[in-house]
Amino acid sequence: MSHQSAKDFFRPLAVGAPAPLREIPARPSRAIHFFDPSNEKMAAKIPGMVGTVDVLLGNLEDAVKADNKVAAREGLVKIAQSTDFGPTQLWTRINALDSPWVLDDLTTLVPAIGEKLDVIMVPKVQGAEDIHYVDRLLAQLEAKAGISRPILIHAILETARGVANVEEICGASPRMQGLSLGPADLAADRKMKTTRVGGGHPGYLVREDPPRDANGDTRVDAQRAVFQQDLWHYTIAKMVDACAMHGIYPYYGPFGDIADVVACEDQFRNAFLLGCVGTWSLHPKQIAIANKVFSPSVEDIAHARRVVAAMGDGTGAVMIDGKMEDDASLKQCLVLVALAEQLAEIDPELKAAYDAIPDSEVDA
Ligand SMILES: CCC(=O)SCCNC(=O)CCNC(=O)[C@H](O)C(C)(C)COP(=O)(O)OP(=O)(O)OC[C@H]1O[C@@H](n2cnc3c(N)ncnc32)[C@H](O)[C@@H]1OP(=O)(O)O
Ligand SMILES: O=CC(=O)O
Ligand SMILES: [Mg+2]
């Protein structure tokens, strides 16, 4: 075990490595936008996307052809060195820890662009031991390269063992920034009988009870409402609890049906309501969906501000529009208000929308 006692937890894992952070900053990351740095057409668009998305992620793992792994790594170095990312975070997804590419990914990226890389996403994490390995190696590489602040780690939850070990993964290192659901690999690893990348499934449903005829017999052949259920509810909820417990951030992952912007929005919103702070975007058109869904609505902020104003010192109970509000609902409202304030700092359109909420709606 790398971290055997509480006092050692925040110690740098290599002499000369930057001190670990005590708290993971809550930086806006509504969309983590994936691009393949070996795809010249896609790569050429990246500098122009700075400022339009919270996170740009140079993907080196799945979806990059084996023959292009080196080109992707080198392409990412080139883009990172030649681009001013301003307020936009730069992340990468390295290859799996058992792959032939990952060691070169890390030993190339940290010295070349370590100062610009905010977060390294590690796929197919199985347990704390995977995080400990990357943690120590990053500390050594940071020390050698003289990197000034620690590069954070984000793990993808996409194996059955990873899900079983989710709490120890979140708490494995002070570098842990967050987790994403990886529904495609997770489905395969669990042997789920699906063929999709995220989203619902028409076969996973609950059906309304059958009506009865005049004799009291059930009519199973009658038309009955069916409600499609969410295949990912359990895993997302488990991930959110583990992340919240460790002060790190949960994210939805890929939604592969790029054309179905409606179901994509639904799936993202389920994750937002359950506590996720963002999601992946695989195609430019998913960025706007993510930004919309993971920003609290003007209506929610108007209501939240009313509750905050009405609750005064935060104790007791009040009635607003026929509903009881108290300390617990106030705390939920404060989560939304804090998120709105954070997003308003980087998103002028949102700021204008939140600023336009009339005081009368707040004080009413
Ligand atoms: C399943 C588990 C996982 O691991 S998911 C994460 C791994 N997968 C990925 O990273 C996929 C990233 N996305 C892509 O590769 C492409 O978007 C895919 C899905 C192949 C679709 O590409 P394509 O057929 O070119 O789409 P399109 O014709 O609608 O593109 C329109 C213009 O947009 C561009 N584009 C496309 N995707 C991106 C992107 N991710 N980032 C930046 N630009 C992108 C295209 O190049 C195209 O440009 P233009 O209009 O021709 O100039
Ligand atoms: O990497 C993501 C996944 O769904 O698999
Ligand atoms: Mg995967």
Side-chain angles (χ1 to χ4, degrees), residues 31-66 68-69 71-73 75-76 79 83 85 88 90-99 101-102 105 119-126 130 154-163 169 178-192 194-201 230-232 235-236 239 250-261 264 267-268 271 276 278-291:
I32 303 168
H33 181 73
F34 275 58
F35 66 94
D36 173 354
S38 74
N39 177 326
E40 284 179 15
K41 209 164 128 198
M42 218 187 264
K45 295 191 189 293
I46 298 310
M49 294 178 78
V50 167
T52 68
V53 60
D54 295 341
V55 179
L56 285 164
L57 179 145
N59 176 35
L60 307 183
E61 200 225 8
D62 293 356
V64 175
K65 280 178 122 10
N68 291 345
K69 293 289 186 184
R73 190 190 299 137
L76 178 59
I79 293 168
T83 306
F85 287 90
T88 301
L90 176 66
W91 294 22
T92 186
R93 177 169 79 168
I94 55 171
N95 284 289
L97 297 180
D98 60 356
S99 75
W101 305 292
V102 67
D105 290 345
V119 176
I120 292 181
M121 187 181 271
V122 184
K124 300 176 177 73
V125 169
Q126 300 273 11
D130 288 341
H154 181 108
I156 311 181
L157 201 56
E158 55 181 351
T159 66
R161 189 148 84 80
V163 176
I169 291 170
L179 292 187
S180 287
L181 172 73
D185 270 302
L186 182 56
D189 195 60
R190 280 178 175 160
K191 299 189 170 28
M192 289 167 67
T194 54
T195 57
R196 301 174 170 210
V197 175
H201 194 290
D230 187 350
L231 284 167
W232 305 108
T235 315
I236 294 177
M239 175 178 78
Y251 298 77
Y252 189 72
F255 186 85
D257 192 345
I258 309 287
D260 192 351
V261 291
C264 176
Q267 190 79 29
F268 287 178
C276 290
T279 185
W280 299 5
S281 139
L282 304 183
H283 187 279
K285 67 166 122 170
Q286 292 186 333
I287 295 173
I289 304 173
N291 284 351

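Keep in mind that this is a model prediction, so the values were computed, not measured. Ligands are counted one by one from 1 in listed order, and the atoms in each one are counted from 1 as well.
- Residue contacts with ligand 1 do not include Gly256, since none of its heavy atoms lies under 4.0 Å from the ligand.
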Walk me through it: do Lys69 and Ser38 pass the test side-chain contact (heavy atoms from CB on, under 4.5 Å)?
CA-CA 8 Å; Lys69 293 289 186 184; Ser38 74; over 6 Å; no
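- For the 3.5 Å distance criterion, the side chains of Asn95 and Asp105 qualify, holding a donor opposite an acceptor.
- Counting only heavy atoms, the protein never gets under 4.0 Å from atom 28 (O) of ligand 1.
- The atoms of ligand 1 that sit less than 4.0 Å from any heavy atom of Ala184 are 1 (C).
- Backbone and side-chain nitrogen or oxygen atoms of Lys41 are examined, and one is located within less than 3.5 angstrom of a nitrogen or oxygen of ligand 1.
- Geometrically, ligand 2 and Arg93 share a nitrogen or oxygen pair separated by less than 3.5 Å.
- The closest approach between any non-hydrogen atom of Val197 and ligand 1 is below 4.0 Å.
- Against a heavy-atom cut-off of under 4.0 Å, Asp185 is close to the following atoms of ligand 2: 3 (C), 4 (O), 5 (O).
- Side-chain N or O atoms of Trp232 include one that pairs as donor or acceptor with a backbone N or O of Gly199 at under 3.5 Å.
- Judged purely by atom type and a 3.5 angstrom limit, Thr88 uses its side chain to pair as donor or acceptor with the backbone of Gly51.
- For Asn68 (side chain) and Ala71 (main-chain N/O), no donor-acceptor pair under 3.5 Å exists by modelled atom type.
- The protein atom (non-hydrogen) at minimum distance from atom 16 (C) of ligand 1 is Met42 CE, 3.8 Å.
- Between Pro254 and ligand 1, not a single N/O pair is under 3.5 Å apart.
- Within the 4.0 angstrom cut-off, atom 23 (P) of ligand 1 has no protein heavy-atom neighbours.
- Taking atom 8 (N) of ligand 1 as the reference point, the nearest protein heavy-atom neighbour is Ala63 CB, 3.3 Å.
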Worked check of side-chain contact (heavy atoms from CB on, under 4.5 Å) between Trp101 and Arg73
CA-CA 10 Å; Trp101 305 292; Arg73 190 190 299 137; 3.8 Å; yes
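- Looking at Lys124, its side chain never comes within 3.5 Å of a backbone N or O of Thr159 through a donor-acceptor pair.
- With hydrogens and angles disregarded, a donor-acceptor distance shorter than 3.5 Å links the side chain of Asp189 to the backbone of Ala160.
- Taking 4.0 Å as the cut-off, His33 counts as a neighbour of ligand 1 on heavy-atom distance.
- Taking a cut-off of under 4.0 Å to the non-hydrogen atoms of Trp280, the atoms of ligand 2 that pass are 1 (O), 2 (C).
- Closest protein heavy atom to atom 21 (C) of ligand 1: His283 CD2, 4.2 Å.
- The protein heavy-atom contact nearest to atom 12 (C) of ligand 1 is Leu282 O, 3.3 Å.
- Atom numbering of ligand 2 starts at 1 in the shown order; those under 4.0 Å from a heavy atom of Ala184 are 3 (C), 4 (O), 5 (O).
- The heavy atom nearest to atom 45 (C) of ligand 1, considering only Lys45, Gln286, Glu158, is found in Lys45.
- For Arg93 and Ser180, the side-chain atoms include no donor-acceptor pair closer than 3.5 Å.
- Every atom of ligand 1 with a heavy atom of Asn59 under 4.0 Å away is listed here by number and element: 7 (C), 10 (O).
- The CG atom of Leu157 lies 10.0 Å from the CD1 atom of Ile236; values are rounded to the nearest 0.5 Å.
- Here the side chain of Thr279 pairs no donor or acceptor atom with the backbone of Phe268 at under 3.5 angstrom.
- Here CD1 of Ile169 is found 12.0 Å from CE of Met239. Values are rounded to the nearest 0.5 Å.
- Shown are the protein N/O/S atoms under 2.8 Å from the Mg ion (ligand 3), given by residue and atom: Glu158 OE1, Asp185 OD2.
- The protein atom (non-hydrogen) at minimum distance from atom 2 (C) of ligand 2 is Glu158 OE1, 3.4 Å.
- Of the N or O atoms in Glu61, none lie within a sub-3.5 Å distance of an N or O in ligand 1.
- Near Pro254, meaning under 4.0 Å from one of its heavy atoms, ligand 2 places the atoms 2 (C), 4 (O).
- For atom 43 (N) of ligand 1, a protein heavy-atom neighbour is present inside the 4.0 Å cut-off.
- In this structure, atom 40 (N) of ligand 1 is in close contact with the protein, since a protein heavy atom lies within 4.0 Å of it.
- When the options Val53, Leu76, Leu56 are evaluated for a side chain to side chain contact (heavy atoms under 4.5 Å, CB included) with Ile46, the one that passes is Leu56.
- The ring of His283 has its center no closer than 6.0 angstrom to the ring center of Phe34.
- Of the protein's heavy atoms, none falls inside 4.0 Å of atom 18 (C) of ligand 1.
- Listed for the Asp185 side chain is no donor-acceptor partner under 3.5 Å among the backbone atoms of Ala188.
- Near Asp62, meaning under 4.0 Å from any of its heavy atoms, are these atoms of ligand 1: 7 (C).
- Ring-plane geometry between Trp91 and Tyr251 is classed as perpendicular, the angle between the planes exceeding 60 degrees on a 0 to 90 degree scale with a lower cut at 30.
- Distance check, rounded to the nearest 0.5 Å: CG of Leu57 to CE of Met121 gives 5.5 Å.
- Of the protein's non-hydrogen atoms, Pro284 CD, 3.4 Å is the one closest to atom 38 (C) of ligand 1.
- Rounding to the nearest 0.5 Å places OG1 of Thr235 at 10.0 Å from OH of Tyr252.
- Contacts between Arg93 and ligand 1, counted as non-hydrogen atom pairs separated by less than 4.0 Å, involve the side chain only.
- Contact annotation: Pro183 has at least one heavy atom less than 4.0 Å from an atom of ligand 2.
- Judged purely by atom type and a 3.5 angstrom limit, Gln286 uses its side chain to pair as donor or acceptor with the backbone of Phe255.
- For the atom pair Leu231 CG and Leu186 CG, the distance stands at 10.5 Å (nearest 0.5 Å).
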